[in-house]
Each structure stands twice: as C-alpha cells, then as structure tokens.
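One structure is given here, and the rest of the page talks about it.
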Amino acid sequence: MSSSAIRTSPSGSPIALGLTLESGQVFHWKKDADARWHGLIGDVPVTVAECDGSLLVQPGHEDLVGKYFSLDHPLEEIYAKFPNDPASRESLQMCRGLRIIRQPRWECLATFITSSMKRVASIRAMSFAIRKKFGQPVSGSDVEAYPAPGVLAAASESDLRTCGLGYRAKNLLLTARRVAEGGIELDALCSLPTPELRSSLESLPGVGTKVANCVLLFAYERLDAVPIDVWIGRVLMAMRKGRPGTPSQLARYARRRLGPYAGYVQQYLFHRARNAKG
DNA sequence: CGCCAGGGTCTCG
DNA sequence: CGAGACCATGGC
C-alpha cells in the first residue's frame, strides 16, 4: 500500500484501530482481507491500517486522519483517572488504545437518531442503506458519502422507511428539515457550554437523553458525556451491587463514579459488556 | 420462531 | 419526577 506511517501522540500512547472502529461509535467502515480499513471521513475516502499501535495512511491524509481518530487525546492521562472498580479496570485491560472518534456532526446526529432500539449490526445496515439511496458517490470508495441534511429533508418518509428505519424515519426527516432550514446550526453550537448544547440537541425530534449524550461524546468532544443504553444500564446496576435505579439515578451514579473522562470509561465498559458472553 | 436492541415521546399519577 | 404504553424492524 502506498502509505506513510504517522506517529500517534507525543506521549506515544497507541491506537487500537479495530477496537475503535467496532465499538459502536461509527458504522460505515469495512475491513478487508489484509486488515486494512476502508471508509470515509466526511466525503474523503480513506484507507487506514494499524501497525504496532501507529496508523498507516496515504500521504497527505495524516492531519485529517489524526484528527478523526483523536490521536491528540492524552490516553495515559485519561487512564490515570479511570475508576478503580474491577469492571472499569478489566475494561481498560481489554480496550487499551480504543479512542473516542471526532465524527462529522450531522452524520453522527443522524445515525444515532436511527439507532434507538436497534443493534449495532442493524444500525450499520441502515447507515449503508441511507448512504446508498441518498448519498453522493465518492470516487475511489464503494461507500457513498452520508447525505447532507437538505437531501434527507427533501426525501419522503416512505422513502426513508425503505432503508429499514421504521418509526425512526419521521424523526430523521423532521430533524433533517430543522437543520436544513437553519433552525439549528450544528457546527456553531460547538462553542456552547455542555448544558446549553445538550438542551439544543434534545430539542430535535428523535433526540433524547441517550442520543444527545452520544452526539456530545462522539461529535462535540465532551468526554465527560455518558450515554446510558441497556448495556451500560446493566453495567451500572452491577456496579451498584445489583440495585436497580431510575435513569436519572443511574446518570448521577455514573457522573459520580466514572470520573472526569466518564465518556471514555463508558465506551470501554460498553465494549467489555458487549463482548462478555462468558 | 421468539427475543431483544447504543430510546423517544406522550399520557397519566 | 416516575412509570407505562406504544412505536417498527431485523439479526440472531
């Protein structure tokens, strides 16, 4: 592969590429027989491979790829603030090098609107279907770019349903219209404090507490945001010695116990829980 | 085949 | 604020 190696962060903390791309943050990357990953960063086709914790990319893509995969995140500092309970320690041992990606905001928001009550494999299938039906073809990629808000805003609900969205089609359509009409400017919101940003996101159709936290964590660099889905809900309940709780109680517990990088801890716990199976 | 999933929204206490 | 009903689909 015509590629040059780029280094990870100055501290030398590595990236685990496969873990990062298979941890339910992003849903359109494909691994080939040679363990190279093919995907799009925005509308730029990218091929990435991992070699001893560093990334190999095409010349010229170093900055784009480095930012997308958050190679500047200080993993050792983050790990130093991990909680000391057995589950968190074990998740760190399993997931060392997994990074929270910086995703394009609309793409992240839209895919997580479609994610409710769906498994990762289904979210991935819907994502590909939406790209294929509405997205712009990209030269050098077998995956289409994620369609802009205006494109989905001009679609019909029944067209969206053909992508397997079910009742989520209406929410995606309504939110696409809000964004396309300028009712909310996703990129401009990045300067807002987290509470105000969260409120803005939750004003969108199909965006509640959990989806807003996914977008805060995966697209707005709020590394303390904790999405609580059924998996993390079970993990938190186990950490509370089996004591169940309301969503707000679990959120408060997570804020208190998972530390300043709670979003990172959550992602590691999520991956550990989903891959437990014994 | 039945089960469950990176939930949101509305209604009613 | 908290609990329940309802929503559609597909992988397994």
Side-chain angles (χ1 to χ4, degrees), chain A residues 19-29 87 91 95 98-101 103 105 107-130 132-133 156-178 184 198-220 222-238 243-254 258 262-278:
Chain A
L19 282 178
T20 299
L21 289 176
E22 290 181 318
S23 63
Q25 303 182 57
V26 64
F27 304 93
H28 70 283
W29 290 81
S91 77
C95 302
L98 194 169
R99 288 173 186 266
I100 301 295
I101 295 177
Q103 288 185 51
R105 295 188 173 111
E107 178 181 322
C108 180
L109 171 63
T111 56
F112 277 99
I113 284 174
T114 69
S115 74
S116 79
M117 295 302 292
K118 280 288 190 182
R119 300 189 191 192
V120 171
S122 294
I123 301 167
R124 186 176 164 82
M126 289 185 293
S127 165
F128 281 128
I130 290 171
K132 191 159 201 63
K133 188 171 183 66
S156 70
E157 184 180 330
S158 60
D159 277 346
L160 286 172
R161 278 178 185 258
T162 65
C163 298
L165 297 187
Y167 63 87
R168 303 158 195 80
K170 186 175 185 180
N171 289 330
L172 181 58
L173 179 58
L174 292 176
T175 290
R177 286 180 181 164
R178 278 268 287 278
I184 183 169
R198 172 179 283 113
S199 299
S200 294
L201 293 172
E202 290 181 355
S203 74
L204 296 168
V207 183
T209 307
K210 192 269 174 182
V211 171
N213 277 318
C214 284
V215 178
L216 285 169
L217 179 60
F218 300 139
Y220 286 94
R222 309 303 160 105
L223 301 185
D224 58 335
V226 180
I228 299 179
D229 68 336
V230 294
W231 294 96
I232 294 299
R234 286 195 286 258
V235 169
L236 292 173
M237 192 171 78
R243 186 164 60 93
T246 67
S248 66
Q249 287 174 321
L250 293 181
R252 188 156 45 86
Y253 181 85
L258 300 188
Y264 252 95
V265 179
Q266 167 279 149
Q267 195 64 15
Y268 282 40
L269 289 170
F270 176 72
H271 191 273
R272 170 180 174 272
R274 283 209 319 139
N275 291 282
K277 290 291 181 189

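Lettering of chains follows the sequences in order, A, B, ..., and the numbering in each one begins at 1.
Partners of Tyr264(A) under the ring-ring contact (aromatic ring centres under 6.0 Å, His included) rule, at least two apart in sequence or in another chain, are His73(A).
Spacing between atom CD1 of Ile113(A) and atom C1' of dT9(C) amounts to 18 Å, rounded to whole angstrom units.
Put simply, the side chain of Arg178(A) reaches to within 4.5 Å of the side chain of Pro205(A), judged on heavy atoms. Between Arg198(A) and Asn213(A), the closest side-chain pair of non-hydrogen atoms falls below 4.5 Å. The shortest side-chain heavy-atom distance between Tyr220(A) and Cys108(A) does not fall under the 4.5 Å cut-off. Side-chain contact check for Leu204(A) versus Ile113(A): every heavy-atom pair is 4.5 Å or farther apart.
Distance noted for atom P between dC6(C) and dG6(B): 24 Å (whole Å). Using atom P as the reference point in both dA8(C) and dT11(B), the two lie 16 Å apart (nearest Å).
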Check step by step if side-chain contact (heavy atoms from CB on, under 4.5 Å) holds for Val26(A) and Thr111(A).
CA-CA 8 Å; Val26(A) 64; Thr111(A) 56; over 6 Å; no

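Comparing Ala125(A) and Thr246(A) against DNA chain C, the residue whose closest nucleotide sits nearer the 5' end is Thr246(A).
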Classify every nucleotide of nucleotides 1-13 of chain B by which part a protein heavy atom approaches to under 4.0 Å, writing B for the base, S for the sugar-phosphate alone and - for neither, in 5'-to-3' order.
---BBBBSS----

